[in-house]
Amino acid sequence: MTAAFPTPAADETQRLLSPEDLEAALRDIGARRYHNLHPFHRLLHDGKLNKDQVRAWALNRYYYQAMIPVKDAAVLARMTDAALRRVWRQRIVDHDGDHPGDGGIERWLKLAEGVGFARDYVLSTKGILSATRFSVDAYVHFVSERSLLEAIASSLTEMFSPTIISERVAGMLKNYDFITRDTLAYFDKRLTQAPRDADFALDYVKQHATTPALQRQAMAALTFKCNVLWTQLDALYFAYVAPGMIPPDAWTPGTGLVPEAPAVAQAAGTGRIEAGHTPRLPRGVRLRFDETRQKHVLLAPERTFDLDDNAVAVLSLVDGQRTVAEIAVALGQTYAADPKVIEGDILVMLNDLATKRVLER
Ligand SMILES: O=C(O)c1cc(C(=O)O)c2c(n1)C(=O)C(=O)c1cc(C(=O)O)[nH]c1-2
């Protein structure tokens, strides 16, 4: 099965690397293949995703988080040395916690809830992409079937995670107004857990990869794991960014969420929009055509809302001059429809936008 992995050049295959050179070779794999380089992460960290795309990331990544302790239990089951198990079992405790309400998985659920998901929907894993499931499950199978050295080496992506985590937390806090420090609390603990885990795993690999063949296996295991992470982002990009082809049964925007509180419009001071009001876009909110995704969006500071054709037709007439009733008459003429019926529909739509604070009267 190792044929599936890239074969090193012939003169490299027989050479035993010093532990330092082995570490350098492993770091080089990360420098070229770690998921910080993936375009989806670049968009995520730079604030270029809309809220639904961030939601898709949080939802799918939940499956990775939930399966990490399953993976680590499989690694633990390969260990015949009690001292080794004592160290490794901490990883399971970190994710599961010591009691209900504690641990990394719980903190990831908070992150998913923080971006709007209903907890039960996330827990059900119903909406995750099949490709996410395939990649994560492949990781669990890998550590169950390969040698202990390969299982441990495959966790070495964590050598590179502190950098990406710092970049992600800073970028998301700066670029998305729906993300708070509380929502991202998951990552606080990882900043100390990941280096501790990675140092241990790296020492183990440097000590136990004592032949050229074993060193190649360790490198291939890390390459495989980089691919586990990379393919998850490929799948997210394909489904939710471009071409935006969401597979059957995967999460679609608008589902699995906790309904937004109806009082938000009032709290935001916008008030309900009625037929006689003249709606307008608040300062900083613009109607724009997104060339990449070939659709109209409403661009608000640090947020983007996808618009359907009806919303675009209405918002093209929202100019701070026309009343809702006048907009309904204009659209009634364009579409040869009863303005009163249109007015009712427009009011629902406009008030929904007002609730999201991208429209005011
Ligand atoms: O946020 C990230 O980019 C990131 C990356 C990785 C990784 O490199 O595998 C892990 C995590 N986070 C993480 O939170 C985590 O618990 C984790 C466990 C493992 C592992 O292979 O055992 N990797 C990672």
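When a ligand or atom number is given, it counts from 1 through the structure's own listing order. All values derive from a computational prediction rather than experimental measurement.
- For His95, there are no ring-ring contact (aromatic ring centres under 6.0 Å, His included) partners at least two apart in sequence or on another chain.
- Under the 4.5 Å side-chain heavy-atom criterion for ILVMFWY residues, no single connected hydrophobic cluster contains both Val258 and Leu59.
- Residues Pro279 and Val318 approach most closely at O-CG1, 3.4 Å, considering heavy atoms.
- His208 is linked by a ring-ring contact (aromatic ring centres under 6.0 Å, His included) to Tyr204, counting only residues two or more places apart in sequence or in another chain.
- The aromatic ring centres of Trp230 and His38 sit less than 6.0 Å apart.
- Residue-level contacts of ligand 1 at the 4.0 Å heavy-atom threshold are Tyr34, His35, Arg61, Tyr64, Gln65, Ile68, Lys71, Arg91, His95, Tyr139, Ser155, Thr157, Glu158, Ser161, Ile164, Ile165, Arg168, Tyr186, Phe187, Arg190, Lys225, Leu229.
- Hydrophobic cluster of Phe238: the remaining members, joined at side-chain heavy-atom separations below 4.5 Å, are Met245, listed by chain and number.
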